[in-house]
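Notes for the one structure printed next.
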Protein chains: 2
Amino acid sequence: MSKVTIKDIAKIAGISRGTVDRVINNRGNVEKELEQKIMRIATELGYEKNLMASNLASKKIFKVAAIISDPTTDLFWNFPYQGIQKALKVVKHYGVEVEYFHFPDYDNHAFSIQMENALMSNPDGIILAPLYTREAEMFLDTAVSKNIPVITINTEIHHPGVLSYIGQHSYFAGYLAGRLLHLRLEPKDDVVALNFGHKVNNANHYADKIEGIKGYFAEHNLVDNNVHWYEFEDFQNKAAIISFFKDLQLRHPKMKALFFTNSRAYKLLDLLDYETCKALYIVGFDMIEPNIAHLKKGKMDFIINQNPLQQGYQGLMSFVDHSILQQEIKSKHYLPLDIVLKENVDFYNN
Amino acid sequence: MSKVTIKDIAKIAGISRGTVDRVINNRGNVEKELEQKIMRIATELGYEKNLMASNLASKKIFKVAAIISDPTTDLFWNFPYQGIQKALKVVKHYGVEVEYFHFPDYDNHAFSIQMENALMSNPDGIILAPLYTREAEMFLDTAVSKNIPVITINTEIHHPGVLSYIGQHSYFAGYLAGRLLHLRLEPKDDVVALNFGHKVNNANHYADKIEGIKGYFAEHNLVDNNVHWYEFEDFQNKAAIISFFKDLQLRHPKMKALFFTNSRAYKLLDLLDYETCKALYIVGFDMIEPNIAHLKKGKMDFIINQNPLQQGYQGLMSFVDHSILQQEIKSKHYLPLDIVLKENVDFYNN
DNA sequence: AAATGGAATGTGCGCGAGCCCAAACTTTTG
DNA sequence: CAAAAGTTTGGGCTCGCGCACATTCCATTT
């Protein structure tokens with residue numbers, strides 16, 4: 001904690017506090033030479049603004065808009081939400097406030113509307129889960145023009161308006177899944193990859209994961225192990241799921257492993273008995289309750305955890321680093337891909 | 001961010017700020033009835049102290065003494081150090097300062113001395129890596145008497161003076177290792193568990209890990225797989241390590257897996273060629289550089305990561321939660337036991 | 001040379017709480 | 001009963017900075 005104040009600088013420079021203030025916060029109206037002199041003195045003395053005093057005086061509120069999926073429509077989103085709340089406890093004293101703009105995860109229109117609403121709230125920063133690529137990109141264009149820092153979480157999209165991305169690396173998530181499948185796969189065993197999701201969701205990280213698996217298989221010459229990919233939209237309909245699965249069994253008699261591209265493994269596993277599951281080798285994502293239950297019962301073998309709580313926590317912390325503490329932040333912050341099995345699952349609950 | 005101030009309370013109570021201040025910070029010298037009235041009003045209004053203003057006025061410094069092993073004597077300790085530094089960046093504006101009391105990890109005497117020194121610095125809180133149980137317990141007794149909150153990391157000891165423990169659960173770390181070994185072990189294969197460490201280090205978490213492995217093997221009826229445990233102190237002596245290993249090979253012809261109880265797997269692997277390693281199934285702890293290198297080369301199969309960075313980060317954050325934000329903190333915070341292999345190792349570097 | 005105006009610089013107040021001393025009030029003491 | 005001592009309460013000053021307004025300076029213009 002440096003104890004240099006603007007008064008110290010003013011005294012040394014032989015001028016008043018006001019001018020130093022103008023320089024420090026570059027409010028202009030200061031002679032160039034003086035400005036440089038003051039800056040020099042400030043850096044020489046190692047001046048650091050006293051955040052407490054600054055915030056107290058200005059009463060500045062940093063409004064953060066969090067545009068994330070509604071935790072009630074998809075359990076998964078409870079984690080990022082909790083992460084943001086956890087970070088908030090620490091940083092709210094810096095004047096940070098968070099307003100949530102939730103949307104049902106299957107509704108791209110609501111997504112767009114909430115992005116609009118978020119912008120209208122005139123935030124100082126945005127935490128965005130860009131589930132719909134096209135809509136998000138349009139939004140980012142205007143965010144850029146308004147000079148609002150946007151931090152994306154969970155889903156990576158490539159757009160210059162993104163200040164920082166925090167989340168998994170989709171390709172390597174699939175690659176890791178490939179590795180885990182490889183642990184048990186025999187030659188000629190087939191893998192079926194399932195994407196239980198809404199077509200309207202045009203994000204392509206599901207495809208990236210599949211690519212990751214295939215990449216792993218190719219690199220390790222698992223040429224006899226085919227990977228079949230299916231998308232299935234009607235995952236709320238139990239009867240439909242069952243007949244879909246029966247069909248899979250018929251179509252792929254050598255099916256030995258199931259890979260789920262997202263957190264919805266439980267939608268199928270809920271409907272299968274223990275023996276059927278045990279005969280398969282099952283890998284999926286995300287530690288939501290129903291998946292954990294299947295893991296513990298032994299119906300599921302591996303869960304790959306993408307640290308969703310950390311996505312929220314880091315998301316808000318990165319905003320603080322950037323906009324309040326003025327620190328450099330990484331443009332890509334790939335979170336660890338945790339391998340979770342029955343024996344360590346309990347330690348991932350915090 | 002509540003906007004109720006001490007002035008608001010004073011106005012409603014019909015008295016002056018000074019008295020409210022006395023009540024809020026219970027400095028005494030206030031009539032009981034008035035005190036209760038003020039407290040009632042404060043809670044009714046949901047008063048929350050403005051940390052920025054409080055800190056600015058009091059200029060209180062929260063001194064934290066971090067008693068951890070010297071990163072230069074054991075690479076591992078660089079992680080908790082970095083974690084503390086990372087947390088410090090965020091909370092230093094609350095007036096938090098950290099002073100380090102390092103000790104060589106093999107020197108229990110230096111450990112005791114540094115604990116003494118830490119106490120003499122009159123800290124407001126202590127982050128302690130209690131590598132030596134007996135010495136740490138004596139220290140905790142006096143810390144308790146001085147009413148200084150102590151947060152332990154990395155090594156769990158059971159003492160009422162510990163406010164919170166942050167780190168792994170040793171037994172389940174071993175249990176998890178058992179699971180990982182099980183993935184590849186054939187019946188009759190033997191496991192050799194190695195503890196490369198200093199005898200003087202009387203912490204018993206190494207033993208806990210071995211118990212964990214044995215526990216897993218017992219629960220899964222792996223009666224044909226023996227686990228042999230060796231302690232080896234002379235691990236800085238390459239020749240000694242080699243002859244020790246040769247001896248192991250002779251003594252245990254069915255040795256198929258090596259388990260290291262700590263981060264020193266590399267001390268042996270450095271000296272073995274690729275084929276020898278590949279013929280064995282090798283599990284160890286901690287993502288220090290030399291271990292990572294062996295993992296990437298394929299000489300090591302699994303690393304169990306105990307989140308040492310998080311130990312430091314959470315350690316300091318917990319102090320802040322407890323002593324500054326006045327929040328309840330958990331007395332046990334078991335960190336995840338990450339399963340790290342070649343395919344996900346790169347995402348654990350932050 | 002005086003007046004004008006814009007740029008550059010100085011200064012006072014306030015943010016909310018901590019802290020100290022003065023003031024008011026109460027009780028004890030000689 | 002007055003003085004002294006103790007208890008309780010009031011309010012001013014301060015922390016470092018932001019901000020609005022006042023003041024000074026200097027170059028034009030008339």
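Sequence lines set the chain letters: A, B, ... in the order given, protein chains first and strands last, and positions in each chain run from 1. Below, each value reflects all heavy atoms present in this structure, side chains not excepted, and no hydrogens, waters or symmetry copies.
- Atom CG of A:N55 is separated from atom P of D:dC19 by 11 Å (rounded to the nearest Å).
- Distance NZ (A:K59) to P (D:dC17): 19 Å, rounded to an integer number of Å.
- Residue pairs that meet the salt bridge (charged side-chain N to carboxylate O under 4.0 Å, His left out) test with at least one member in residues 61-85 of chain A, sequence neighbours left out, are A:D74-A:R264.
- Salt bridge annotation for B:K3-B:D8: absent, with no cationic side-chain nitrogen under 4.0 angstrom from a carboxylate oxygen.
- Within 4.0 Å of A:I6, counting heavy atoms only, lie sugar-phosphate atoms of the nucleic acid but no base atom.
- One can place NZ of B:K7 at 12 Å from P of D:dG12, the figure rounded to the nearest angstrom.
- Between A:D21 atom CG and C:dA8 atom P the separation is 16 Å, expressed in whole Å.
- In this pair, B:F347 and A:Y334 present their aromatic rings perpendicular. The plane angle is above 60°, beyond the 30 to 60° band.
- In this structure, CZ of B:R27 is placed 16 Å from P of D:dT8, rounded to the nearest angstrom.
- Between atom OG1 of residue B:T142 and atom CD of residue B:E116 there is a gap of 7.0 Å, rounded to the nearest 0.5 Å.
- Listed by chain and residue number, nothing satisfies the salt bridge (charged side-chain N to carboxylate O under 4.0 Å, His left out) test with A:K89 (two or more places apart in sequence, or in another chain).
- Taking 4.0 angstrom as the limit, A:N25 places a side-chain polar atom (N or O) nearer than this to OP1 or OP2 of D:dG18.
- Spacing between atom NE2 of A:H93 and atom P of C:dG16 amounts to 16 Å, rounded to whole angstrom units.
- The stretch residues 35-46 of chain B participates, sequence neighbours left out, in these salt bridge (charged side-chain N to carboxylate O under 4.0 Å, His left out) pairs: B:R40-B:E44.
- Phosphate proximity of D:dC17 to A:S58: absent, as no side-chain N or O sits under 4.0 Å from OP1 or OP2.
- Residue pairs that meet the salt bridge (charged side-chain N to carboxylate O under 4.0 Å, His left out) test with at least one member in residues 313-326 of chain A, sequence neighbours left out, do not exist here.
- Axis orientation changes by 70° from one end of the helix from C:dA1-D:dT30 to C:dG30-D:dC1 to the other, with each end axis drawn from 5 pairs and the value rounded to 10°.
- Summarising the geometry, the separation between NZ on B:K11 and P on C:dG16 is reported as 11 Å, rounded to the nearest angstrom.
- In the set C:dA17, D:dT9, C:dC15, the nucleotide with an atom closest to the side chain of B:N29 is D:dT9.
- Contact check, B:K49 against C:dG18: a side-chain N or O comes under 4.0 Å of OP1 or OP2.
- Among the nucleotides D:dG16, C:dC15, C:dT9, the one closest to the side chain of A:E31 is C:dT9.
- Contact annotation for A:K60: no contact, since no heavy-atom pair falls under 4.0 Å across all strands.
- Residue pairs meeting the ring-ring contact (aromatic ring centres under 6.0 Å, His included) criterion with at least one partner in residues 70-89 of chain A, sequence neighbours excluded, are A:Y81-A:Y100.
- Remark: C1' of D:dG16 and OH of A:Y94 are 16 Å apart, rounded to the nearest angstrom.
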Atom pairs, N/O to N/O, protein against nucleotides 10-12 of chain C, distance under 3.5 Å?
unit_1, atom_1, unit_2, atom_2, d
C:dG10, OP2, A:S16, N, 2.8
C:dG10, OP2, A:S16, OG, 2.9
C:dG10, OP2, A:T19, OG1, 3.1
C:dG10, O5', A:S16, OG, 3.4
C:dG10, N7, A:R22, NH2, 3.1
C:dG10, O6, A:R22, NH2, 2.6
C:dG12, O6, A:R17, NH2, 2.8

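- Take B:K332 and apply the salt bridge (charged side-chain N to carboxylate O under 4.0 Å, His left out) test, not counting sequence neighbours, and it matches B:E156.
- Under the side chain to side chain contact (heavy atoms under 4.5 Å, CB included) criterion, B:H322 pairs with B:P149, B:L163, B:I329, sequence neighbours left out.
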Each nucleotide N or O in nucleotides 26-28 of chain D that has a protein N or O under 3.5 Å away: list the pair and distance.
none

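- Every residue meeting the side chain to side chain contact (heavy atoms under 4.5 Å, CB included) condition with B:K146, not counting sequence neighbours, appears here in chain and number order: B:L119, B:I148.
- Picking from C:dG14, D:dT9, C:dG16 the nucleotide with the shortest atom distance to the side chain of B:L56 gives C:dG16.
- Listed by first and then second residue, the salt bridge (charged side-chain N to carboxylate O under 4.0 Å, His left out) pairs that reach into residues 15-26 of chain A are A:D21-A:R27, sequence neighbours excluded.
- Relative to the side chain of B:A53, the nucleotides D:dC17, C:dG16, D:dG18 differ in distance, and C:dG16 lies closest.
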